[in-house]
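Notes follow once the structure below has been shown.
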Amino acid sequence: MSPPSLGRSRRRGVQHTDPALGDSELIDTRAQLAQGRWTRVRSLLAGTGDDWDRRGHRLVVLAAGSASAAWARDWQLAEPESPDAATLLACATVFRTLRGKAPEAAAHDACRTAARLAPADPTPWLALLILARARSTEDETARLFEEVRARHPDHHHAHHLMAARLAERHPESGRDPLHEVYDFAAWAAEQAPADSPLAVLPVVAHAERYRVLAAAGSEPSDPARSAHWTGRRARQVMKAAFDWWLEWEREDHPRNRVDLNFLAHAKYCEGRPAEAAALFHRIGEHATRAPWSYPDRDPYQAFRAARDAALGSV
């Protein structure tokens, strides 16, 4: 998903929102890859195995580096049948395409090659979904989402991408409690296992819809001043997600801090500072750009202001 661009004055905030989310092995490997040491990536991915959420998370973070495509290409030349090399190149080419540095056809070709070498892996399809989120039709985005789900039905990142795309439909309908993004998120949460972090997806859908409505001017640009978070349906969603967290918190999930940030943001905007404070304690310094940047804010400054207010209230 392509986040809102941040201007010059916001550069400091971006430095504090590391998508690695505290994965120390990933952080070390990313530094090694930036120096051309792709053998460390090979070891990391071999150890990740078929933990598809973790594999997708690690590959997306590694692929975002400006030199990652070049080093992945070197790795692929050395090991042309390596699915890991092909998938890293596929993800990196998608990011180059999104930055305007590579043609879209090159990204599609690289992803198809990776999918052929690793037919069970949802990550090449996740890469195509990231591209489609920014460039393709709704039908194509939905098709690629189903390709990911066919390989890993509870894929965390894919569900977040789909929620963000669906939230953008019909901004003119305003605060419609029956909007399809809410149906999608409720369905995903209901069909997932009890311990699945997709239980938090209805909160994500609520934040994504706020982003759309605030950008359209129908909600305040300060989410804490918006009644979007305090209606009956919203409160039910927030309570269910917070109760899930209390019972099932998945600290082992590679993207758990994404969920915690969405939930802390929602609880703060809902006016529940004590519950938000508990979440901020778990998050630590691992702020995420979404949803703190919504609709067009410095994510780290918004995160710090909310955290300080919540922690100061308890």
Side-chain angles (χ1 to χ4, degrees), residues 1-22 60-61 64 133-134 156-157 160-161 163-165 167-168 171 175 181 185 197 200-231 234-235 237-238 241-242 245 255-314:
M1 178 168 55
S2 180
S5 60
L6 300 178
R8 186 184 189 89
S9 65
R10 299 176 179 183
R11 206 166 285 167
R12 186 180 174 196
V14 174
Q15 294 172 353
H16 293 87
T17 54
D18 183 358
L21 302 176
V60 165
V61 171
R133 165 78 182 89
H156 190 270
H157 195 168
H160 278 235
L161 290 168
R165 182 61 181 262
E168 292 165 0
R175 204 183 296 159
V181 72
V200 182
L201 195 67
V203 174
V204 175
H206 208 74
E208 295 295 353
R209 186 61 179 167
Y210 164 76
R211 169 180 59 84
V212 174
L213 296 179
S218 57
E219 291 289 343
S221 59
D222 179 355
R225 293 194 298 108
S226 171
H228 183 73
W229 310 93
T230 56
R235 288 187 181 279
V237 163
M238 309 315 165
F242 189 76
W245 174 69
R255 285 166 49 90
N256 79 307
R257 288 189 174 99
V258 174
D259 292 318
L260 292 180
N261 274 269
F262 271 98
L263 191 50
H265 176 268
K267 282 296 177 182
Y268 173 73
C269 293
E270 187 190 0
R272 311 277 297 196
E275 292 174 354
L279 293 154
F280 281 120
H281 278 301
R282 279 286 193 270
I283 292 167
E285 288 293 321
H286 298 288
T288 54
R289 293 185 68 175
W292 300 106
S293 62
Y294 295 167
D296 185 24
R297 312 171 82 206
D298 180 297
Y300 195 67
Q301 288 183 9
F303 169 81
R304 285 296 299 267
R307 186 184 66 177
D308 292 349
L311 296 180
S313 71
V314 296

Identify the two heavy atoms, one from [X] and one from [Y], that lie closest to each other, and give their separation to 0.1 Å.
X      : Y      : answer
Ser313 : Pro273 : OG-CB, 3.1 Å
Val212 : Pro171 : CG1-CB, 3.7 Å
Thr288 : Thr17  : C-CG2, 4.2 Å
Ala207 : Tyr294 : O-CD1, 3.7 Å
Phe262 : Val203 : O-CG1, 3.7 Å

Who pairs with [X] by salt bridge (Lys or Arg N to Asp or Glu O under 4.0 Å), at least two apart in sequence or on another chain?
X      : answer
Arg235 : Glu270
Arg255 : none
Arg257 : none

Tell me whether [X] contacts the main-chain N or O of [Y] through its side chain, where contact means a donor paired with an acceptor under 3.5 Å.
X      : Y      : result
Asn261 : His286 : yes
Arg175 : Glu219 : no
Trp245 : Leu260 : no
Ser218 : Leu213 : yes

_Check against salt bridge (Lys or Arg N to Asp or Glu O under 4.0 Å), Arg133 and Glu168_ = CA-CA 11 Å; Arg133 165 78 182 89; Glu168 292 165 0; 2.6 Å; yes
Residues which pass side chain to side chain contact (heavy atoms under 4.5 Å, CB included) with [X], listed by chain and number, not counting sequence neighbours:
X      : result
Ala276 : Lys267, Tyr268, Phe280, Ala310
Asp222 : Ala224, Arg225, Arg297
Ser221 : Pro295

Spatial distance of atom [atom1] ([X]) from atom [atom2] ([Y]) [nearest 0.5 Å]:
X      : Y      : atom1 : atom2 : value
Asn256 : Leu21  : CG    : CG    : 8.0 Å
Arg307 : His281 : CZ    : NE2   : 9.5 Å
His206 : Met238 : NE2   : CE    : 4.0 Å

Is the shortest heavy-atom distance from the side chain of [X] to the side chain of [Y] under 4.5 Å?
X      : Y      : answer
Val181 : Glu208 : no
His160 : Leu201 : yes
Cys269 : His265 : yes
Phe242 : Leu279 : yes

_Please determine whether side chain to side chain contact (heavy atoms under 4.5 Å, CB included) holds for the pair His157 and Val258, giving the CA-CA distance in whole Å, both sets of side-chain angles, and the decisive distance to 0.1 Å._
CA-CA 10 Å; His157 195 168; Val258 174; over 6 Å; no
*Anything under 30° is parallel, anything over 60° is perpendicular, the rest tilted; go ahead and classify Phe303 against Trp292.*
perpendicular
